[in-house]
Amino acid sequence: MNKVLALKYRPKSFEDLVGQDTITRTISMALDSDRLAHAYLLSGIRGSGKTSTARILSKSILCENGPTSKPCEKCDSCLSANDGKHMDIIEMDAASNRGIDDIKELIEHIRYKPTSGKYKVFIIDEIHMLTVQAFNALLKTLEEPPSFVRFILATTDPLKLPATVLSRTQHYRFRKISLNDTTSHLEHILNQENIKYEHEALQTIARHGEGSLRDSLTILDQAIIFSKANITVSEVANMLDLIDTELLDELFDVILNNKAIDTVIEKFIGFEFSSVLDELGVYLKNCIKKNDTRFDMIVYDRFFSIIANSKYLLSINSDEEFVLLLTTMKLKNAMKTNKIDDMINELETTSQSTIIKKTEENLQNIEKTPKELYKNLTDKIFDISFDVGQCFENSFEFVEFSNNKLLLKSQAKEECKNILWKNFDMIKQLAVELYGNDVIIEFQKKQEINESPPQIEPTNEKQNEKQNEKQNENLENSDMVQEAKKYLNPTKIETKLKNDQL
């Protein structure tokens, strides 16, 4: 019975691993120098080689010539490890055995020494699925296991692991397998299987694998059956419901030449639009690599922004046909770009016309009197804000303009004062345009103009003193004062008592 390609060509040595050179080199050096850690953590996306690496590592540890990075593949340990029957390699799926009881059973196995090899290796896949209680039960054993025990943990989501677990392991992060590495591996397998293929078809399969070698091999299995062992671009496109490159060429011909979109839009209606957007992105990337002269960087930037916005519309369950039509119209409008030289000429023309207009206004202002300019100032304020203009007109009156000072008579009321104060910067800017950059606005209250404080006539101090003395003397000799003194003088008894006290 034929095995699926993902199992038939599963790596059995570090040399067979695809796209993880840094990890395989580090682990191989650790094995050859006998510097093994007591716990390893392998993380990465699905199909990147985590479980295969765990099995190869466990076989390398238990090989009769090991630990070694190149197992002999002949001893009983290597043969039983390849068959998945080694007694000292215990694999556990944490997704289905995630409770504390399962971990207690695992810890019970740890107490016993290995049956045939030097070590006992425990492989726990999808370790992030364990419960909090199970993690806590495993911590002590994971940190200080017996000398004959090695742990190899694997996960697709290391962020869900407690920091206490991460700190007790050597962490190896598996990256996505590149498009070129995946394509080369698919070519190698098809050559082994004697199956015909087109290189671009394998690139399409690898691209849809999205960095997962196992997913790419699964699609390849399907393509071999669908294409009857002759894998072509059109067959793969039909199988995956992809858009043919010729149809994309036709779409961009409509966009670039501003043709009607009705006919070409109908050809895309049968496809899933999310895949259409992905194919548009791939098409544009290939155009960048080929230095396609039909596009420039501004257009590329606009196109990718439009595609990203269309993907967002699909994510919120928008109508696919509407999004398809909207995207095509946006792509057409994105081609309406002005050349840099045209933009510079337009800016220069605009600047020159603005300068000429300003110059003409300044010449007209020079011919006007300061009072006429003040009338223009009031009109400009009214143009900007009627309320401010009304307050300005009612509160101020032109007095004079001299030495770059605009003197205004002020009779502003409280409400207008607040409005004018808030808009003073605008008023000052308009005054600068009319009177010049050095203009200073000064205000003077109405009563301070044409009114002078009352004048006080000077007096002679000596003359006043003589008059005061004469008045006091007359008052002292008056009959009324003399009569009052009789009643105010102290009596004889009061005088005697005062003398006795002294």
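Quick note: residue numbers are just sequence positions, from 1.
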Considering only heavy atoms from C-beta outward, does the side chain of [X] approach that of [Y] to under 4.5 Å?
X	Y	value
Cys72	Glu64	no
Asn286	Val282	yes
Ile103	Phe135	no
Arg173	Leu42	no
Thr155	Asp125	no
Ile231	Leu220	yes
Cys75	Cys63	yes
Ser184	Asp181	no

For [X] and [Y], test the side chains for any donor-to-acceptor distance below 3.5 angstrom and give the result as yes or no.
X	Y	answer
Arg10	Ser52	yes
Glu210	Ser212	no
Ser227	Asn230	no
Ser80	Asp83	no
Ser216	Thr182	no
Glu235	Tyr197	no

Considering residues, nucleotides and ligands other than [X], do more than 12 of their heavy atoms fall under 6.0 Å from its [atom1]?
X	atom1	result
Met426	CE	yes
Glu105	CD	no
Glu200	CD	no
Glu321	CD	no
Lys176	NZ	no
Arg25	CZ	no
Phe424	CZ	yes

Salt bridge (Lys or Arg N to Asp or Glu O under 4.0 Å) between Lys118 and Asp88, worked out: CA-CA 9 Å; Lys118 301 177 184 178; Asp88 294 326; over 6 Å; no
Between [X] (side chain only) and [Y] (backbone N and O only), is there a donor and an acceptor less than 3.5 Å apart?
X	Y	answer
Thr68	Pro71	no
Asn238	Ser234	yes
Arg35	Asp32	no
Ser385	Ile381	no
Asp102	Gly99	yes
His38	Glu144	no
Asn257	Lys259	no
Lys50	Gly44	yes

Can Asp221 and Leu217 be said to form a side-chain contact (heavy atoms from CB on, under 4.5 Å), step by step? CA-CA 6 Å; Asp221 262 325; Leu217 291 173; 5.6 Å; no
May I ask you to check whether Phe151 and Phe122 place their ring centres under 6.0 Å from each other? yes
Hey, would you say the Phe252 and Tyr283 ring centroids sit under 6.0 Å apart? yes
Walk me through it: do Asn82 and Lys12 pass the test side chain to side chain donor-acceptor pair (under 3.5 Å)? CA-CA 8 Å; Asn82 287 333; Lys12 294 184 178 180; 5.7 Å; no
Does the pair Glu126/Arg98 count as a salt bridge with the N-to-O cut at 4.0 Å? no
Holding to salt bridge (Lys or Arg N to Asp or Glu O under 4.0 Å), I want the full list of residues that pass it with Arg207, two or more places apart in sequence or in another chain. Glu279
Residues in salt bridge (Lys or Arg N to Asp or Glu O under 4.0 Å) contact with Lys59, at least two apart in sequence or another chain: Glu73
Give me the atom names and distance for the closest heavy-atom approach of [X] to [Y].
X	Y	result
Leu179	Gln203	CD1-O, 3.6 Å
Ser58	Ile152	N-CD1, 4.1 Å
Ile306	Lys330	CD1-O, 3.5 Å
Cys78	Lys74	CB-N, 4.2 Å
Gly281	Phe304	O-CE2, 4.0 Å
Val439	Lys428	O-CE, 3.4 Å

Among Leu31, Ile123, Val121, find the one that has a side chain to side chain contact (heavy atoms under 4.5 Å, CB included) with Leu57. Leu31
With salt bridge (Lys or Arg N to Asp or Glu O under 4.0 Å) as the criterion, how do Lys267 and Glu250 come out once you've worked through the C-alpha distance, each side chain's angles and the decisive distance to 0.1 Å? CA-CA 10 Å; Lys267 297 180 181 179; Glu250 183 179 351; 2.8 Å; yes
Apply the test side-chain contact (heavy atoms from CB on, under 4.5 Å) to residues Ile288 and Leu284: give CA-CA distance (whole Å), side-chain angles for both, the deciding distance (0.1 Å), then the verdict. CA-CA 6 Å; Ile288 294 175; Leu284 292 173; 5.5 Å; no
Please report the interatomic distance NE2(His199) to CG(Leu202), rounded to the nearest 0.5 Å. 7.5 Å
Straight-line distance of Leu106 CG to Asn97 CG, nearest 0.5 Å: 9.5 Å
Once the angle between the rings of Phe382 and Phe386 is folded into 0 to 90°, is it parallel (under 30°), tilted (30 to 60°) or perpendicular (over 60°)? tilted
Run the ring pair (Phe, Tyr, Trp, His ring centres under 6.0 Å) test on Tyr300 and Phe295 for me, step by step, so that the C-alpha distance in whole Å, both residues' side-chain angles and the decisive distance to 0.1 Å come before the verdict. CA-CA 7 Å; Tyr300 280 129; Phe295 310 100; 5.4 Å; yes
Carefully, step by step, assess Asp292 and Lys290 under the rule salt bridge (Lys or Arg N to Asp or Glu O under 4.0 Å). CA-CA 5 Å; Asp292 196 323; Lys290 296 176 182 178; over 6 Å; no
Derivation of the side-chain contact (heavy atoms from CB on, under 4.5 Å) call for Ser43 and His171: CA-CA 8 Å; Ser43 67; His171 191 181; 2.7 Å; yes
For side-chain contact (heavy atoms from CB on, under 4.5 Å), just list the numbers for Ile177 and Gln20, CA-CA rounded to whole Å, side-chain angles, deciding distance to a tenth of an Å, and then say yes or no. CA-CA 8 Å; Ile177 301 175; Gln20 308 297 345; 4.0 Å; yes
So Lys380 and Asp383, salt bridge (Lys or Arg N to Asp or Glu O under 4.0 Å) or not? Walk me through it. CA-CA 5 Å; Lys380 285 180 176 292; Asp383 291 339; over 6 Å; no
